[in-house]
**Student:** 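The structure is given below, and queries will be raised subsequently.
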Amino acid sequence: MIEENVELMKGNEAIAHAAIRCGCDGYFGYPITPQSEVLETLSELKPWETSGMVVLQAESEVAAINMLYGGGGSGKRVMTSSSSPGVALMQEGISYMAAAEIPALIVNVQRGGPGLGTIQPSQSDYRQATVGGGNGDYNVIVLAPNSVQEMADFVDLAFELAFKYRNPTMILSDGVIGQMMEKVVLPPIKPRRTEEEIAAECPWAVNGHGLKHRKPNILTSLEMDPHVMEQRNLDMQKKYATIRETEVRYEEYLCDDADYLLVAFGCVARMGKEAVDTLRREGIKAGLFRPITLWPFPEEQLHHLAGRLKGILVPEMNAGQMIYDVRLAVEGQTPIKHFGRIGGVVPTPDEIILSLKQQFIP
Amino acid sequence: MTKEEIIQPENLVYAKPTLMNEVGMHYCPGCSHGVVHKLIAEIIEEMGMEEKTIAICPVGCAVFAYRYIDVDWLEAAHGRAPALATACKRMWQDRLVFTYQGDGDLACIGACETIHALNRGEKITIIFINNAIYGMTGGQMAPTTLLGMKTSTCPYGRTPELHGYPLNMTDMAATLEGTAFVSRQSVHTVAAIRKAKKAIRHAFENSMNGKGSNLVEIVSSCNSGWKASPVKANEWMEENMFKYYHLGDLKDI
Ligand SMILES: Cc1ncc(C[n+]2csc(CCOP(=O)(O)OP(=O)(O)O)c2C)c(N)n1
Ligand code: SF4
Ligand SMILES: [Mg+2]
């Protein structure tokens with residue numbers, strides 16, 4: 001049977017196609033491996049001639065993120081993409097945007113670090129993304145795709161969440177998902193919003209629209225009065241609490257009767273699924289819990305599963321980052337072990353199986 | 001003639017621009033910032049651009065510019081205003097987009113964003129308040145600080161060996177292909193204020209006509225940072241600043 005509208009492309013290319021289709025107004029980015037295909041694909045597709053989307057190669061990631069500050073602050077749907085060293089440079093801007101409550105989408109196709117590191121895949125920016133990499137108490141909504149399809153689907157979702165909560169949103173991907181080719185059904189085409197629609201959706205936006213009939217809109221992160229600043233922070237924390245209650249996303253695979261649980265995100269969750277299937281064939285009741293939102297982390301959901309488990313293994317492409325969130329969620333109900341490959345090495349399902357057996361089944 | 005007879009519309013020679021807010025300014029008495037604010041407010045009003053303006057303020061003494069001119073404002077991170085302006089203008093082409101930046105903001109931490117926005121020919125205006133010092137943080141050396149000039153971080157005077165040379169961003173901007181109008185003005189006399197207003201208006205009009213990027217430097221005094229009275233500060237500016245930062249239009253295509 002021929003599947004309609006199915007295309008074969010890289011995760012990075014899917015991001016570019018999805019951006020145009022979901023009515024993105026502007027992309028601003030600086031080349032870095034392994035995600036340059038996003039800007040390259042957009043440049044080739046020339047959306048400025050069709051949807052009117054602006055595509056601009058910025059002079060640095062610092063500039064790119066501040067272009068998002070301007071674009072998002074004026075009510076437009078704007079995005080950037082980069083990889084780890086570039087996203088490190090963006091942290092100042094992300095902190096300012098979180099503080100001024102400016103929506104935008106940041107895609108991080110992670111590579112190994114620290115420093116210039118490697119161009120090979122990694123998940124070692126987990127904590128930077130989920131705990132905040134810039135200054136101050138703030139959170140960014142973080143979505144972790146595990147397929148080219150999710151790369152495409154999460155672009156629109158990220159914009160919806162960003163505007164719903166006036167908060168920067170991140171797609172935290174990695175070099176595997178960005179570079180691999182897979183079948184994908186691209187999202188339906190949504191027109192870019194008109195000025196009237198932007199005015200209705202973003203009455204806070206800085207664009208002058210209807211100024212004579214309202215007070216000026218001012219977006220700033222600055223407040224000199226500590227009591228007012230405390231209140232602003234409390235309001236932000238209240239918003240974050242709402243996001244925690246409302247926007248948690250995760251996937252369970254054979255968790256109901258599992259003795260052992262793998263908790264993994266992104267491409268490692270795919271190896272995890274294969275490992276679970278193999279373990280089940282061997283008679284070991286394993287399951288997979290995949291957080292899709294890394295912030296907010298599916299804390300309660302994991303907490304409820306943990307009580308009847310014999311153990312949890314957290315395989316990650318880092319030295320142990322998500323494991324802290326797993327521990328916080330599980331609160332000591334069951335032993336938790338880590339398996340990490342770092343520096344750009346991708347673990348295999350066999351390695352995950354071996355690690356689980358060694359650490360839990362003597 | 002009584003006072004009441006004099007206060008008549010036909011006798012009006014000056015009025016506060018309606019876009020200026022009724023709030024006390026935080027600027028030091030004698031500071032150039034307030035005068036430039038007033039010019040900008042007047043020009044936006046005269047051009048009828050109130051509902052089509054996106055203004056971007058810096059980190060520096062003008063960080064609170066949004067309190068004074070009643071249009072929509074974004075407050076940028078230190079030095080990044082031209083990047084914000086780039087995106088705003090590209091996606092809102094019928095808007096008047098301008099940044100307002102100090103010399104530390106524009107010529108130091110934001111030099112990269114400034115040069116690239118100007119060189120890309122972004123259809124924006126950059127208002128550049130050059131007072132040769134970091135006013136807001138209490139008078140430290142700026143990239144524009146003159147040789148021999150004393151600040152809290154070059155208390156014995158700026159020397160090339162220790163601190164390098166003053167950076168002339170506006171001369172540099174005039175050499176960039178993307179710039180349409182580059183001018184250096186001051187606001188220390190009534191005549192100078194008139195000229196500065198003309199330059200800012202020309203820059204704003206240029207940016208609406210899609211001609212390229214526009215930079216108007218205002219050589220300014222910072223009497224607090226320079227530790228001088230407003231009058232003495234203006235004298236010092238005329239004697240020293242104008243020798244290094246020559247007034248006039250550098251480029252107008
Ligand atoms: C990233 C960062 N570094 C340093 C500062 C501290 N800071 C605030 S204003 C300023 C200098 C401003 O000088 P200038 O741009 O010349 O403006 P002026 O106050 O003289 O008008 C500095 C260094 C900051 N706010 N952010
Ligand atoms: S410190 Fe200088 S620049 Fe700042 S308000 Fe005072 S005089 Fe103006
Ligand atoms: Mg200064």
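In the text below, chain A, chain B and the rest are named by the order of the sequence lines, each starting its count at 1. For the numbers below, each heavy atom of this structure counts, side chains included, while hydrogens, waters and symmetry mates do not.
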**Student:** Is it the side chain or the backbone of A/Arg214 that comes within 4.5 Å of chain B heavy atoms, both, or neither?
**Tutor:** side chain
**Student:** Testing the 3.5 Å rule here: is there a donor-acceptor pair between the side chains of B/Asn214 and B/Ser207?
**Tutor:** no
**Student:** Quick check on the interface: out of A/Ile218, A/Asn207, A/Val54, who has the most heavy-atom pairs with chain B under 4.5 Å?
**Tutor:** A/Asn207
**Student:** Name the region of A/Lys212, side chain, backbone, both or neither, that has any atom closer than 4.5 Å to a heavy atom of chain B.
**Tutor:** both
**Student:** Mind checking whether B/Tyr68 and B/Tyr27 have parallel, tilted or perpendicular rings, split at 30° and 60°?
**Tutor:** tilted
**Student:** Taking NZ, NE, NH1 and NH2 as the nitrogens, is one of them in A/Glu101 or A/Lys239 under 4.0 Å from a carboxylate oxygen of the other?
**Tutor:** yes
**Student:** For the candidates A/Ile65, A/Leu56, A/Asn66, A/Leu68, which exhibits the highest count of non-hydrogen atom pairs separated by less than 4.5 Å from chain B?
**Tutor:** A/Asn66
**Student:** Look at A/Ala100, A/Gly208, A/Gly71 and state which one has the largest set of heavy-atom pairs under 4.5 Å with chain B.
**Tutor:** A/Gly208
**Student:** What I want to find out is whether B/Glu205 reaches B/Arg201 closely enough, with some N-O distance under 4.0 Å, to be called a salt bridge.
**Tutor:** yes
**Student:** Heavy-atom pairs under 4.5 Å with chain A - which of B/Glu75, B/Glu51, B/Lys89 has more of them than the others?
**Tutor:** B/Glu51
**Student:** Relative to chain B, which segment of A/Met53 carries a heavy atom at a distance below 4.5 Å: side chain, backbone, both, or neither?
**Tutor:** neither
**Student:** So for B/Arg90, is it side chain, backbone, both, or neither that comes closer than 4.5 Å to the heavy atoms of chain A?
**Tutor:** both
**Student:** Could you point out which residue of A/Leu172, A/Thr80, A/Ile171, A/Val142 forms a side-chain contact (heavy atoms from CB on, under 4.5 Å) with A/Asn108?
**Tutor:** A/Leu172
**Student:** Please flag which part of B/Thr53 lies under 4.5 Å from any non-hydrogen atom of chain A: side chain, backbone, both or neither.
**Tutor:** backbone
**Student:** Could you verify whether a donor N or O on one side chain and an acceptor N or O on the other, from B/Gln185 and B/Ser183, lie under 3.5 Å apart?
**Tutor:** yes
**Student:** Taking atom types as modelled and ignoring hydrogens, do the side chains of B/Glu45 and B/Thr18 form a donor-acceptor contact shorter than 3.5 angstrom?
**Tutor:** yes
**Student:** Keeping the roles fixed (side chain from A/Arg193, backbone from A/Gly75), state whether a donor-acceptor pair exists under 3.5 Å.
**Tutor:** yes
**Student:** When heavy-atom pairs shorter than 4.5 Å are enumerated against chain B, which of A/Gly26, A/Gly210, A/Gly93 gives the highest number?
**Tutor:** A/Gly210
**Student:** Tabulate, in ascending numerical order, the residues of residues 57-67 of chain B having at least one heavy atom closer than 4.5 Å to a heavy atom of chain A, or enter 'none'.
**Tutor:** B/Val63, B/Phe64, B/Tyr66
**Student:** Please check this pair: side chain of B/His202 against backbone of B/Lys198, looking for a donor-acceptor N/O pair closer than 3.5 Å.
**Tutor:** no
**Student:** Counting heavy-atom pairs closer than 4.5 Å to chain A, which one of B/Ala55, B/Ala87, B/Pro82 comes out on top?
**Tutor:** B/Ala87
**Student:** Counting N and O atoms only, with roles assigned by atom type, does the side chain of B/Lys16 sit under 3.5 Å from a partner on the main chain of B/Met20, one being a donor and the other an acceptor?
**Tutor:** yes
**Student:** Distance under 6.0 Å and angle within 45° of the ring axis: does B/Arg184 meet both against B/Phe128?
**Tutor:** no
**Student:** Which of residues 98-124 of chain B have a heavy atom under 4.5 Å from any heavy atom of chain A?
**Tutor:** B/Cys112, B/Glu113, B/His116, B/Arg120, B/Glu122
**Student:** What do the steps show when you test A/Asp235 against A/Gln231 for side chain to side chain donor-acceptor pair (under 3.5 Å), and what is the final call?
**Tutor:** CA-CA 6 Å; A/Asp235 292 346; A/Gln231 193 51 52; 3.0 Å; yes
**Student:** Only one of B/Val182, B/Ile129, B/Asp171, B/Asn130 forms a side-chain contact (heavy atoms from CB on, under 4.5 Å) with B/Glu217, so which one is it?
**Tutor:** B/Asn130
**Student:** Determine whether B/Met141 and B/Ile133 make a side-chain contact, defined as any pair of heavy atoms from C-beta on separated by less than 4.5 Å.
**Tutor:** no
**Student:** Answer yes or no: is there a donor N or O on one side and an acceptor on the other, between the side chain of A/Asp25 and the main chain of A/Arg77, under 3.5 Å?
**Tutor:** yes
**Student:** Report which part of A/Ala64 has an atom under 4.5 Å of a heavy atom belonging to chain B: side chain, backbone, both, or neither.
**Tutor:** neither
